[in-house]
Amino acid sequence: MQIVEPQVTVSTAQQLGLTPEEFEKIQEILGRTPNFTELSIFSVMWSEHCSYKNSIIWLKTLPRDGERLLVGAGEENAGLVDIGDGLACAFKIESHNHPSAIEPYQGAATGVGGIHRDIFTMGARPIAALNSLRFGNPELPHTKRLIRGVVKGIGNYGNSFGVPTVGGEVYFNDCYNQNILVNAMSVGIVKVGETVSARADGPGNPVFIVGSATGKDGIHGATFASADLTEDSAEDLPAVQVGDPFQEKLLLEASLEAIRTGAIVGMQDMGAAGITCSTSEMSAKSETGMRIDLDKVPTRQPHMKPFEILLSESQERMLIVGHKGREQELYDVFEKWDLVCEQIGEVTATGRLEFYQDGQKVADVPAEPLVLGGGAPVYKREFKRPAYLDQIAAFNPDSVPVPEDYVATARKLFASPNLVSKRWIYEQYDSMVRTNSMGTNNPSDAALVRVKGTDKALSVTTDCNSAYVYADPYVGGMIAVAEAARNIVCSGAVPVAITNCLNFGNPYNPEVYWQFVHALKGMGEACRRFDTPVTGGNVSFYNQSVFKDRTEPVYPTPTIGMLGILENLNHAMTLDFKQAGDQIYLIGPPCTDLGSSEYLRRIHNIRFSPAPRFDLEEEWAVQEAVKAVIRQGWAASAHDVADGGLFTALMESAMVRGLGFEIETDPVFRKDAYLFGESQSRVIITVSAENEDEMVNYLNSKNVSFSKLGEVKGGSALVDKTDFGPVAGWKEMFDQTLGNEMER
């Protein structure tokens with residue numbers, strides 16, 4: 001049957017998201033005008049989501065080397081870090097923003113499924129999941145619908161797949177009303193030397209597709225992720241993939257068993273751009289090619305067109321290159337797990353991807369020009385300082401009135417959706433499956449996950465306060481890395497590496513691109529100071545809503561997923577006050593400010609203010625001191641001061657066991673700034689009376705700022721002799737506020 005395709009023109013290319021210049025470059029590469037299938041291949045592979053064409057120049061400035069790194073950024077599906085004892089940790093974070101904004105349940109669910117596949121494609125077994133979520137105003141019915149869908153999607157997929165969700169973060173801001181952010185992270189364990197690469201070595205070797213059948217869901221999903229959301233984006237609903245966690249569980253077990261046979265040359269997850277991406281990237285990496293027969297691809301619908309098969313992002317699929325002559329071993333493994341395993345082609349030495357259907361060659365393109373680092377276009381966009389920064393620079397803290405009633409102010413602040421417990425969300429996630437998680441009854445600033453068979457644990461966290469990055473992208477980028485490291489340190493571990501998910505608006509907007517460039521500069525500087533190289537992640541541009549009368553980018557949100565190692569479980573540290581009589585200390589500078597605090601936004605409705613005070617060397621010194629205090633066994637608890645300031649941190653430590661506290665503020669500073677300001681590089685430590693002198697002597701010897709705040713005492717919170725009420729009452733508000741709002 002003759003395959004008939006639409007005529008290709010520059011207008012066709014523009015409709016597929018390509019520029020006239022890119023269309024001309026494709027013609028130069030091929031030496032002719034592409035047919036529609038070939039143009040579709042280039043359109044998805046050259047989309048920002050696959051090619052990083054607007055970001056790769058700046059991504060390369062991030063530190064990528066470290067003594068523990070086994071696989072660095074861009075080398076494989078995920079980063080790989082040596083954790084000792086012959087084991088390695090594979091971890092990565094990625095976004096699924098646009099699909100989740102259109103169809104929140106499936107968008108979030110397939111985001112979780114996709115990131116787990118990146119981990120077990122390398123041969124690692126996922127042992128933990130985290131997420132970072134951003135929503136708009138929680139009082140809006142639209143936002144509530146999105147929250148319910150996203151949380152249910154994450155929970156249902158993760159719980160069914162059997163990997164615990166151990167940590168994450170949730171923020172609310174009006175800038176995310178239409179364009180929410182859903183970032184998912186997976187962490188896995190593998191024996192060193194037992195990983196598999198995403199390669200297509202060996203001409204003549206067979207190429208298999210395994211897992212689910214290919215359908216029409218997710219077609220042009222990569223292109224969809226590389227465009228602005230508009231009021232008409234709901235029409236793009238077919239671009240959202242549909243997931244099946246039970247199928248993915250079978251695929252996990254079958255893939256790991258197939259790797260153990262030794263019959264696999266290379267394997268890659270079919271994520272963005274589906275067969276197109278996996279065939280091109282594996283071939284380009286090995287400088288080989290592939291001949292693929294699309295008639296042999298198992299499909300869900302009959303008579304699928306070539307571009308539909310190639311661009312489909314149907315979930316739970318892998319591309320495998322096997323050793324010639326060992327095909328039956330792979331068939332046997334996947335048959336055992338009741339999964340499709342179909343040979344669809346073979347590796348060639350041509351360097352080209354040749355796709356056939358009904359005996360006709362429907363596409364013939366070189367692999368190298370399709371991929372990142374090959375011939376895909378690379379741009380360095382114009383950027384300029386955003387105009388709104390003038391409003392931030394004009395902020396005058398003296399114009400902010402001091403509260404007349406600190407108890408009432410604290411209660412109103414503490415009820416903020418950004419500060420209250422996210423219990424309503426995380427209770428929908430299984431955090432204990434596989435019995436590795438240590439945090440259910442022992443809350444730490446970062447999640448601790450046991451590495452079974454050893455005396456160590458992994459410490460993992462996701463962090464980014466986008467309000468700080470909005471106020472000052474350079475400083476905010478540094479703070480995102482520093483706070484992640486601070487959380488790892490407060491759990492008793494040592495930071496070792498990061499993955500990142502860079503969520504920004506449209507890169508063609510010079511002010512948005514300015515935010516991107518300066519945020520990466522700040523992140524890079526902090527990563528170098530903390531010796532936490534970047535192992536990979538993804539860039540998510542076009543996170544802005546386009547209305548008929550305006551365009552609204554989200555706050556720049558460079559989410560940091562950080563991995564730390566706790567070498568000895570005896571050094572694990574939690575944030576909760578342990579017993580009455582323990583002394584409360586603040587390690588870090590006592591100076592405070594109000595910049596970009598939840599206090600300014602919630603109490604005074606002030607949107608424009610500077611980022612909190614931050615000094616990278618000071619932060620380093622504080623973290624080194626906290627590490628030592630924990631290692632020496634002096635600390636009874638450790639908790640960093642972050643969102644909501646000192647009072648919020650104290651209350652979070654108090655509520656776990658219902659223990660109260662009595663503290664005195666420093667009269668040198670404004671009381672509201674002292675209690676509610678969010679100056680960085682501060683950690684609350686409690687210490688028993690018998691360990692107090694040793695700790696104080698050590699801190700004095702290290703010339704690090706610290707001060708005594710007060711004492712763990714009773715069941716109420718007292719500040720400067722003022723009774724703020726029973727901790728139990730604060731906990732009730734803390735636990736129920738978000739859930740009550742969601743039930744309205």
Side-chain angles (χ1 to χ4, degrees), residues 442-446 459 485-494 566-592 615 617-642 645-647 649-669 674-675 679-721 727:
N442 301 285
S444 295
D445 280 0
S459 178
R486 201 183 317 138
N487 286 335
I488 296 289
V489 167
C490 285
S491 75
V494 175
L566 181 68
E567 295 287 355
N568 187 330
L569 293 175
N570 292 328
H571 293 151
M573 182 52 57
T574 59
L575 61 83
D576 51 312
F577 293 157
K578 299 301 188 298
Q579 61 183 2
D582 282 352
Q583 303 301 297
I584 305 172
Y585 278 81
L586 180 69
I587 299 181
C591 59
T592 56
D615 180 275
E617 291 305 315
E618 194 170 58
E619 176 76 39
W620 169 258
V622 167
Q623 292 193 23
E624 289 298 292
V626 172
K627 284 181 193 175
V629 167
I630 293 173
R631 291 288 186 283
Q632 292 296 327
W634 298 324
S637 70
H639 186 28
D640 83 312
V641 178
L646 179 65
F647 181 82
L650 288 165
M651 193 58 73
E652 288 170 345
S653 293
M655 289 185 299
V656 179
R657 298 172 184 259
L659 292 169
F661 58 88
E662 183 172 355
I663 68 161
E664 297 286 335
T665 62
D666 190 330
V668 172
F669 305 105
Y674 192 89
L675 290 175
S679 292
Q680 298 296 292
S681 313
R682 296 182 296 161
V683 174
I684 296 171
I685 295 285
T686 57
V687 58
S688 64
E690 55 263 36
N691 290 328
E692 184 177 10
D693 287 345
E694 282 187 284
M695 186 187 78
V696 169
N697 289 337
Y698 169 80
L699 294 175
N700 280 324
S701 73
K702 292 300 178 182
N703 196 30
V704 63
S705 297
F706 71 97
S707 55
K708 187 171 184 175
L709 297 177
E711 184 178 336
V712 178
K713 192 173 184 178
S716 293
L718 279 81
V719 178
D720 296 335
K721 308 301 183 185
V727 168

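- Partners of Gln583 by side-chain contact (heavy atoms from CB on, under 4.5 Å), not counting sequence neighbours, listed by chain and number: Tyr585, Val687, Glu692, Lys708, Glu711.
- Listed by chain and number, the residues in a side-chain hydrogen bond (donor to acceptor under 3.5 Å, both in side chains) with Thr574 are Asp576, Lys578 (sequence neighbours excluded).
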(request) Take Tyr674 and Val668, measure what side-chain contact (heavy atoms from CB on, under 4.5 Å) needs, and give me the verdict at the end. (result) CA-CA 9 Å; Tyr674 192 89; Val668 172; over 6 Å; no
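- Among residues at least two apart or in separate chains, there is no side-chain hydrogen bond (donor to acceptor under 3.5 Å, both in side chains) pair with a member in residues 694-703.
- Evaluation of the ring-ring contact (aromatic ring centres under 6.0 Å, His included) rule for Phe647 yields Phe724, Trp730 as partners, not counting sequence neighbours.
- Rounding to the nearest 0.5 Å gives a distance of 9.5 Å between OG of Ser716 and CZ of Phe661.
- One finds the CZ atom of Arg486 at 9.0 Å from the CG atom of Asp445 (value rounded to the nearest 0.5 Å).
- The minimum heavy-atom distance linking Val683 with Cys490 is given by the pair CG1-SG, 3.7 Å.
- Atom CD1 in Ile584 sits 11.5 Å away from atom CD in Glu664 (nearest 0.5 Å).
- Considering all non-hydrogen atoms of both residues, Asp615 and Ser681 come closest at O-OG, 4.2 Å.
- Leu586 pairs by the side-chain contact (heavy atoms from CB on, under 4.5 Å) definition with Val641, Leu646, Arg682, Ile684, Ser707, Leu709, not counting sequence neighbours.
- In this structure, Thr686 contributes its side chain and Ser637 its backbone to a donor-acceptor pair below 3.5 Å.
- The structure places CG of Leu575 at 11.0 Å from CD1 of Ile685, a figure rounded to the nearest 0.5 Å.
- Heavy atoms only, all atoms of each residue included: Ser459 and Ala493 are closest at CB-CB, 3.5 Å.
- Under the side-chain hydrogen bond (donor to acceptor under 3.5 Å, both in side chains) criterion, Glu624 pairs with Lys627, not counting sequence neighbours.
- Counting heavy atoms from C-beta on, the side chains of Val622 and Val489 never come closer than 4.5 Å.
- Annotation for Gly660 and Val727: closest pair CA-CG2, 3.8 Å, computed over non-hydrogen atoms.
- Across every non-hydrogen atom of Pro589 and Glu618, the tightest pair is CG-OE1, 3.5 Å.
- Here the CG atom belonging to Asp666 is positioned 10.0 Å from the CG atom belonging to Asp720, to the nearest 0.5 angstrom.
- Atoms CZ and CD, on Phe577 and Glu652 in that order, are 10.5 Å from each other to the nearest 0.5 Å.
- Across every non-hydrogen atom of Ala635 and Met573, the tightest pair is O-CE, 3.4 Å.
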